[in-house]
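Here the structure comes first, spelled out in structure tokens, and everything after it is commentary.
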Amino acid sequence: SNGKIKILQYTGDDTEVVIPNYIGGIPVGIIEFDPSKILFDPSADPNGPPPTPPVEHLFVNSNLITKVIISEGIETIGRYAFMGCNSLDSITIPNTVIKIKDNVFNQCTSLKYIVLSENIDSIQDLTFNYCNKLDSIKIPDNITFIGNSAFRFCTSLKQINIPQNLKKIDTNAFEECTSLNKILIPNLTTWYNIDFISNPLTLESDLYLNNEKVIDDATLVAMTILI
């Protein structure tokens with residue numbers, strides 16, 4: 001659309017992939033897997049183990065890919081784009097990307113390093129679900145919303161930063177982040193004004209402002225309305 005190419009599938013067998021910004025002189029705007037090809041077990045327990053990965057992927061040889069470079073100029077990363085790429089350990093997303101849809105890195109179980117575009121305004125549902133080797137991430141300042149189960153089962157994640165424009169953290173966004181023990185905030189006003197839904201943060205997490213702990217656990221529990 002808009003005269004730009006949408007990449008729907010990559011059939012190569014490279015371990016490091018560069019997603020181009022032009023193909024045949026035409027700009028690439030979107031990378032997105034066709035969700036009609038994803039088959040889930042409808043009887044699966046939503047609170048149980050992760051679902052079986054897609055029978056097909058945007059990357060046909062998804063188990064081989066360890067690194068992805070997304071070229072400047074691409075604007076949207078669509079649903080399921082890297083879902084189930086279980087060898088992918090690093091990716092950098094350029095600032096031309098303004099939208100990252102849901103489930104993009106769901107079950108990328110080797111992902112350790114990611115740089116997000118500074119121009120996205122949300123982290124959608126299940127974006128990093130079961131990225132259990134991701135131990136750190138910088139959440140961009142423009143983020144206003146963190147979706148349902150966005151970081152669910154990121155069991156290696158040790159700390160997160162709360163961006164100054166964040167308004168809402170949805171249900172179970174940080175459920176089972178069992179290593180999460182440090183929450184970095186820009187100021188107390190931002191923290192007080194966040195709309196917390198359900199149980200997004202763990203009881204064990206401490207709040208830090210300018211690298212100094214500012215609230216005890218009991219106060220944090222009360223403020224986040226965990227129950």
I need the [X] [atom1] to [Y] [atom2] distance, nearest 0.5 Å.
X: Ile137; Y: Ile123; atom1: CD1; atom2: CD1; value: 5.5 Å
X: Ile160; Y: Ile169; atom1: CD1; atom2: CD1; value: 6.0 Å
X: Ser117; Y: Glu72; atom1: OG; atom2: CD; value: 9.0 Å
X: Asp13; Y: Leu64; atom1: CG; atom2: CG; value: 6.5 Å
X: Leu88; Y: Leu111; atom1: CG; atom2: CG; value: 5.5 Å
X: Leu180; Y: Ser156; atom1: CG; atom2: OG; value: 11.5 Å

- Message: With a 3.5 Å distance limit and no angle check, can you tell me whether Asp195 reaches the backbone of Lys167 through a side-chain donor-acceptor pair?
- Response: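 Not confirmed, Asp195 side chain does not pair with Lys167 backbone.
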Got [X] and [Y] here, is their nearest side-chain heavy-atom distance under 4.5 Å?
X: Thr66; Y: Glu16; result: yes
X: Ser71; Y: Ile19; result: no
X: Ile183; Y: Trp191; result: yes
X: Phe128; Y: Ile114; result: yes

- Message: Test of understanding: with side chain to side chain contact (heavy atoms under 4.5 Å, CB included), list the residues that count as partners of Ser90, not counting sequence neighbours.
- Response: Lys67, Tyr113
- Applying side chain to side chain contact (heavy atoms under 4.5 Å, CB included), name anything that partners Lys112, two or more places apart in sequence or on another chain. Lys133
- Task: Apply the side chain to side chain donor-acceptor pair (under 3.5 Å) test between Asn129 and each candidate in Asn106, Asn103, Asp102; give the one that qualifies.
- Result: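 Passing option: Asn106.
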- Message: Suppose clustering is done on Ile, Leu, Val, Met, Phe, Trp and Tyr with side-chain heavy atoms closer than 4.5 Å. Which residues sit in the same group as Tyr22?
- Response: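 None, because no other hydrophobic side chain comes under 4.5 Å of this residue.
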- Query: Hey, is CG on Asn193 packed in by over 12 heavy atoms from elsewhere, all under 6.0 Å?
  - Reply: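 Counting neighbours around CG of Asn193, more than 12 heavy atoms of other residues, nucleotides or ligands fall under 6.0 Å, so yes.
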